[in-house]
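Below is one structure, written out as C-alpha coordinates; the observations come after it.
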Amino acid sequence: FRSEPFANLDPDMCLDLVNLINQLKHEGKTFLITTNDLFYAADIYTKVGFFLKSDTLVEKNKDELMNEYEDKELNKIYFLEKSKLKEKYL
(Lines give C-alpha, C1' and ligand atoms only; values in the text may rest on other atoms or scores of the structure.)
Protein backbone atom coordinates (compact mmCIF):
# COMPACT_ATOMS: atom_id res chain seq x y z
CA PHE A 1 0.00 0.00 0.00
CA ARG A 2 1.33 3.42 -0.95
CA SER A 3 -0.38 6.72 -0.23
CA GLU A 4 0.49 9.66 -2.48
CA PRO A 5 3.73 8.17 -3.87
CA PHE A 6 4.16 11.08 -6.30
CA ALA A 7 3.90 13.79 -3.64
CA ASN A 8 6.91 16.11 -3.45
CA LEU A 9 8.72 14.42 -6.33
CA ASP A 10 10.03 16.32 -9.33
CA PRO A 11 8.72 15.23 -12.77
CA ASP A 12 11.80 13.10 -13.53
CA MET A 13 11.44 11.19 -10.27
CA CYS A 14 7.72 10.68 -10.94
CA LEU A 15 8.51 9.12 -14.30
CA ASP A 16 11.16 6.93 -12.69
CA LEU A 17 8.58 5.78 -10.14
CA VAL A 18 6.02 5.05 -12.88
CA ASN A 19 8.62 2.95 -14.71
CA LEU A 20 9.56 1.09 -11.52
CA ILE A 21 5.93 0.35 -10.66
CA ASN A 22 5.26 -0.90 -14.20
CA GLN A 23 8.38 -3.10 -14.08
CA LEU A 24 7.30 -4.61 -10.76
CA LYS A 25 3.74 -5.10 -12.09
CA HIS A 26 5.14 -7.12 -14.99
CA GLU A 27 7.02 -9.22 -12.43
CA GLY A 28 3.69 -10.07 -10.79
CA LYS A 29 3.63 -7.54 -7.96
CA THR A 30 0.35 -5.92 -6.95
CA PHE A 31 0.03 -2.39 -5.60
CA LEU A 32 -2.71 -0.43 -3.88
CA ILE A 33 -1.96 3.22 -4.46
CA THR A 34 -3.97 6.21 -3.31
CA THR A 35 -3.23 9.43 -5.12
CA ASN A 36 -4.72 12.70 -6.26
CA ASP A 37 -2.25 12.80 -9.14
CA LEU A 38 -4.31 11.28 -11.93
CA PHE A 39 -1.75 12.23 -14.57
CA TYR A 40 0.76 9.67 -13.32
CA ALA A 41 -1.88 7.22 -12.12
CA ALA A 42 -3.15 6.93 -15.69
CA ASP A 43 0.15 5.28 -16.67
CA ILE A 44 0.09 2.59 -13.99
CA TYR A 45 -3.42 1.57 -13.02
CA THR A 46 -5.17 -1.65 -13.99
CA LYS A 47 -8.19 -1.03 -11.76
CA VAL A 48 -9.46 2.31 -10.50
CA GLY A 49 -11.74 3.52 -7.77
CA PHE A 50 -12.89 7.12 -7.52
CA PHE A 51 -14.36 8.24 -4.21
CA LEU A 52 -16.21 11.35 -3.10
CA LYS A 53 -16.86 11.68 0.62
CA SER A 54 -18.24 8.24 1.50
CA ASP A 55 -19.53 7.37 -1.98
CA THR A 56 -17.79 5.19 -4.53
CA LEU A 57 -18.11 6.97 -7.86
CA VAL A 58 -16.41 4.33 -9.99
CA GLU A 59 -14.76 0.99 -9.39
CA LYS A 60 -13.74 -0.60 -12.69
CA ASN A 61 -10.81 -2.12 -14.49
CA LYS A 62 -8.97 0.00 -17.05
CA ASP A 63 -10.53 -1.61 -20.14
CA GLU A 64 -14.09 -1.18 -18.83
CA LEU A 65 -13.45 2.45 -17.96
CA MET A 66 -11.81 3.31 -21.28
CA ASN A 67 -14.61 1.62 -23.25
CA GLU A 68 -17.27 3.56 -21.36
CA TYR A 69 -15.92 7.06 -22.01
CA GLU A 70 -15.16 8.81 -25.26
CA ASP A 71 -12.59 11.04 -23.55
CA LYS A 72 -9.81 8.79 -22.28
CA GLU A 73 -8.22 11.23 -19.81
CA LEU A 74 -8.52 9.91 -16.28
CA ASN A 75 -8.95 13.32 -14.68
CA LYS A 76 -11.84 14.18 -17.03
CA ILE A 77 -13.54 10.86 -16.29
CA TYR A 78 -13.27 11.64 -12.58
CA PHE A 79 -15.00 15.00 -13.00
CA LEU A 80 -17.74 13.48 -15.18
CA GLU A 81 -18.45 10.91 -12.48
CA LYS A 82 -18.28 13.54 -9.74
CA SER A 83 -20.84 15.70 -11.53
CA LYS A 84 -23.35 12.83 -11.30
CA LEU A 85 -23.36 13.19 -7.50
CA LYS A 86 -23.10 16.97 -7.39
CA GLU A 87 -26.69 17.56 -6.25
CA LYS A 88 -26.26 15.12 -3.35
CA TYR A 89 -23.59 17.35 -1.77
CA LEU A 90 -25.15 20.78 -2.43
Side-chain angles (χ1 to χ4, degrees):
F1 175 78
R2 295 287 178 251
S3 180
E4 297 297 340
F6 304 106
N8 301 316
L9 296 179
D10 65 51
D12 289 331
M13 289 297 295
C14 287
L15 291 176
D16 288 345
L17 183 56
V18 166
N19 290 334
L20 176 62
I21 291 169
N22 281 326
Q23 176 187 341
L24 292 171
K25 266 185 5 186
H26 291 301
E27 293 174 9
K29 304 291 184 199
T30 300
F31 295 87
L32 173 61
I33 297 172
T34 60
T35 185
N36 292 308
D37 196 327
L38 300 181
F39 177 78
Y40 293 110
D43 290 334
I44 59 174
Y45 80 98
T46 53
K47 187 171 184 178
V48 67
F50 292 139
F51 303 93
L52 178 62
K53 307 228 183 237
S54 61
D55 288 311
T56 302
L57 300 178
V58 170
E59 186 178 345
K60 296 183 179 177
N61 71 41
K62 189 173 194 171
D63 292 336
E64 288 176 310
L65 194 64
M66 292 297 113
N67 288 332
E68 188 173 329
Y69 291 93
E70 186 174 315
D71 194 325
K72 306 299 185 199
E73 288 186 42
L74 198 54
N75 62 330
K76 291 181 181 178
I77 293 170
Y78 168 76
F79 286 110
L80 288 169
E81 287 295 327
K82 184 179 173 183
S83 70
K84 294 176 184 177
L85 288 180
K86 184 178 179 181
E87 56 278 348
K88 180 175 180 176
Y89 294 105
L90 291 178

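Atoms considered below: every heavy atom in the structure, side chains included; atoms not considered: hydrogens, waters and symmetry mates.
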Open item on the list: Return the CG to OG1 distance between D37 and T35, rounded to the nearest 0.5 Å.
Closed with: 5.0 Å
Task: Value rounded to 0.5 Å, distance of CG in D10 from CE in M13 - done: 6.5 Å
TODO: Kindly indicate whether the side chain of V18, heavy atoms from C-beta on, has any atom under 4.5 Å from the side chain of F6.
DONE: yes
TODO: Might you point out which heavy atoms bring K25 and T46 nearest each other, and give the distance in Å?
DONE: NZ-CG2, 3.8 Å
- [ ] Spell out, yes or no, whether I33 and F51 are grouped together once hydrophobic residues are joined by side-chain heavy atoms under 4.5 Å, including indirect joins.
- [x] no
Task: Over all atoms of both residues, closest heavy-atom pair of E59 and K47 - done: OE2-NZ, 3.8 Å
- [ ] Measure the spacing between CG of L74 and CG of L38 and express it to the nearest 0.5 Å.
- [x] 5.0 Å
Task: Lys/Arg cation over aromatic Y45: K62, 6.0 Å, 45° cone - done: yes
- [ ] Would you give the length of the straight line joining atom CD1 of I77 to atom NZ of K72, rounded to the nearest 0.5 angstrom?
- [x] 7.0 Å
- [ ] Output yes when a side-chain donor or acceptor of D43 lies under 3.5 Å from a complementary backbone atom of L15, and no otherwise.
- [x] no
Open item on the list: Minimum heavy-atom separation for C14 and L9, please, with both atom names.
Closed with: SG-CB, 3.7 Å
- [ ] First locate atom CG of L17, then atom CG of D12, and finally report the distance between them rounded to the nearest 0.5 Å.
- [x] 12.5 Å
